[in-house]
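Written below as structure tokens is the structure these notes are about.
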Amino acid sequence: MDFGDSVEEREQKIRNTPHCVPNMGHSMTVWDQRSELEFTKDWNGINHVTLKAPRGASTRTLAFSLLKLPSFSNIPLVYFDNASVSNPDLPLSERDDDSQHSEIIGSFFSEAIFKPAKAMRGGIPICFPQFGNCGSLEQHGFARNKTWSIDNDPPPLHPSDSHGKVSVDLLLKPSEDDLKCWPHCFEFRLRVSLAMDGDLTMISRIRNIDAKPFSFSFAYHTYLSVSDISEVRIEGLETLDYLDNLCQRERFTEQGDAITFESEVDRAYLGSPNVIAVFDHEKKQTFVIRKEGLPDVVVWNPWEKKSRTMVDFGDEEYKQMLCVDGAVIEKPITLRPGEEWTGRLELSAVPSTYCTDHLDHIGSM
Ligand SMILES: O=P(O)(O)OC[C@H]1O[C@@H](O)[C@H](O)[C@@H](O)[C@@H]1O
């Protein structure tokens, strides 16, 4: 496991980091960043990162492991507040104001397999340098199965990507084995940030440090936790063309007003707007996905029959999940030597009423 520094050294650096003072709207609060980032080892010796974003009396927490297996790829759960931790099933409408968010990302599935060299299902695995099986590499590329290290000295990002957020920077470089199957030198920097309102931001920067160009496809394979898939509707993808993975990637045009679910779906929507909304009617909650540099959107639910064939997935768990991935699929990114690509995804969970009032222009953005 390569953390760059030891956990102790890393913690010392964080202790030396100046406090940041985020703008909280009406009030300014000194946000003591020292307590907001934790590195721990679990009983398996696996290193974990926990980001904590305090807001009033509650704390939003994001924990994930830098496992060798699912590498960064598992974000088990976002706890938006203490109330939602103790009462995850309480409908949003029955929570008080300060606990108007529940977890935004699917937890591990009951039959998820914790086995080296294979990503564990759930969270947000990173698909790179290949999405799906359209290439010579393993399904969804190798990045999701790798060990990521902590990046102690990341090149700066725009200040708005840091203010009011607690963040961790990760780094992936190809191993000797990776270079044998994909002979391109790259640096993949990933910033994961949690804001006080619980919004999760992921910024990927992939740089070509090779002497020749390379091309890749990419996805944030985002497992959303939903109350009941039959009660879910996606807005922002209507009228778009999509490649249907269930029909040998044949191209179709979406005809419906919004995407709803009554059977297996496995599609890549092409050239989508930068804001997509996933409405969960039963929970009265909406996931808002904002993305940049990610023109395509993958929508996947395995439904009943396929679920039964998936060894790391319960037969009924398709009802409580939906993958909606910001992705680059149709036109792979090509980087010349020295060039860098950035792909950014922001995920929020808001009460659906808020969404109707504020995001009625989804799809036109
Ligand atoms: O089981 P995996 O490798 O994590 O992939 C799950 C699914 O991921 C989706 O993104 C693909 O479109 C599906 O075709 C695939 O089945």
Side-chain angles (χ1 to χ4, degrees), residues 64 67 69-76 105-146 181 202 204 216-226 229 232 234 237 240-252 254 259 261 263-270 272 276 278 287 289 291 294-315 317-330 332 343 345 347:
F64 59 91
L67 322 183
L69 359 159
S71 61
F72 156 73
S73 62
N74 287 324
I75 300 182
I105 295 174
S107 53
F108 292 123
F109 295 101
S110 63
E111 304 192 13
I113 294 171
F114 193 74
K115 197 174 167 195
K118 185 86 180 87
M120 196 190 282
R121 194 171 298 285
I124 309 186
I126 302 281
C127 304
F128 170 83
Q130 171 185 302
F131 179 80
N133 54 12
C134 307
S136 57
L137 301 178
E138 61 199 278
Q139 160 101 338
H140 290 334
F142 51 73
R144 65 174 173 165
N145 299 323
K146 296 297 168 189
C181 60
M202 293 170 62
S204 288
F216 62 89
S217 51
F218 179 95
Y220 290 107
H221 192 12
T222 308
Y223 282 82
L224 300 174
S225 163
V226 299
I229 186 67
V232 171
I234 306 181
L237 303 177
L240 297 185
D241 281 5
Y242 62 87
L243 305 178
D244 195 337
N245 277 328
L246 303 178
C247 301
Q248 291 77 47
R249 293 170 53 84
E250 199 178 329
R251 192 175 183 122
F252 296 94
E254 181 57 57
I259 319 292
F261 299 87
S263 60
E264 183 181 357
V265 171
D266 190 354
R267 299 174 181 173
Y269 286 86
L270 308 175
S272 82
I276 306 293
V278 181
F287 298 110
I289 299 171
K291 58 190 180 64
L294 304 159
D296 307 322
V297 171
V298 178
V299 178
W300 178 62
N301 182 290
W303 218 255
E304 198 173 358
K305 196 168 155 210
K306 184 156 190 199
S307 297
R308 293 217 178 99
T309 68
M310 293 159 56
V311 287
D312 57 350
F313 195 77
D315 290 356
E317 284 181 317
Y318 73 92
K319 292 177 182 166
Q320 270 81 50
M321 61 75 67
L322 176 64
C323 281
V324 182
D325 313 349
V328 180
I329 292 173
E330 188 191 28
L345 188 88
L347 190 54

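Counting starts at 1 for both ligands and their atoms, in listed order. Computed from heavy atoms alone, side chains included, the values below leave out hydrogens, waters and symmetry copies. What you see is a predicted model, and the numbers here were worked out from it, not measured in a lab.
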Numbering as shown, the atoms of ligand 1 that approach [X] to under 4.0 Å (heavy-atom distance):
| X | result |
| --- | --- |
| Asp325 | 10 (O) |
| Gln139 | 2 (P), 3 (O), 5 (O), 15 (C) |
| Lys306 | 16 (O) |
| Asp266 | 11 (C), 12 (O), 13 (C), 14 (O) |
| Asn245 | 12 (O) |
| Phe131 | 10 (O), 12 (O) |
| Val298 | 10 (O), 12 (O) |

TODO: Mind telling me whether Phe131 and His140 have parallel, tilted or perpendicular rings, with 30° and 60° as the class edges?
DONE: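 It falls in the tilted class, 30° to 60°.
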Open item on the list: Taking the basic N atoms (NZ, or NE/NH1/NH2) and the acidic carboxylate oxygens, is any pair closer than 4.0 Å for Lys319 and Glu304?
Closed with: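 No.
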Task: Pair Arg251 + Glu330, salt bridge at N-O below 4.0 Å - done: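 Counted as a salt bridge, because a side-chain N and a carboxylate O are separated by less than 4.0 Å.
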Task: Side chain, backbone, both or neither: His140 near ligand 1, heavy atoms under 4.0 Å - done: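 The part of His140 near ligand 1 is the side chain, not the backbone.
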Task: Location of contacts on Arg144 toward ligand 1, heavy atoms closer than 4.0 Å - done: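 Side chain only; the backbone of Arg144 stays clear of ligand 1.
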Task: Polar contact flag, side-chain donor to acceptor under 3.5 angstrom, Asn133-Glu138 - done: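 On atom types as modelled, these side chains do not qualify, holding no pair under 3.5 Å.
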Task: Test side chain to side chain contact (heavy atoms under 4.5 Å, CB included) applied to Val324 and Leu224, Asn301, Thr222, the passing residue - done: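 Considering Leu224, Asn301, Thr222, a side chain to side chain contact (heavy atoms under 4.5 Å, CB included) with Val324 is found only for Leu224.
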- [ ] Assess whether side-chain hydrogen bond (donor to acceptor under 3.5 Å, both in side chains) is satisfied between Tyr242 and Glu254, documenting all intermediate values.
- [x] CA-CA 7 Å; Tyr242 62 87; Glu254 181 57 57; 4.7 Å; no
- [ ] Assess whether ring-ring contact (aromatic ring centres under 6.0 Å, His included) is satisfied between Phe216 and Phe128, documenting all intermediate values.
- [x] CA-CA 7 Å; Phe216 62 89; Phe128 170 83; 5.2 Å; yes
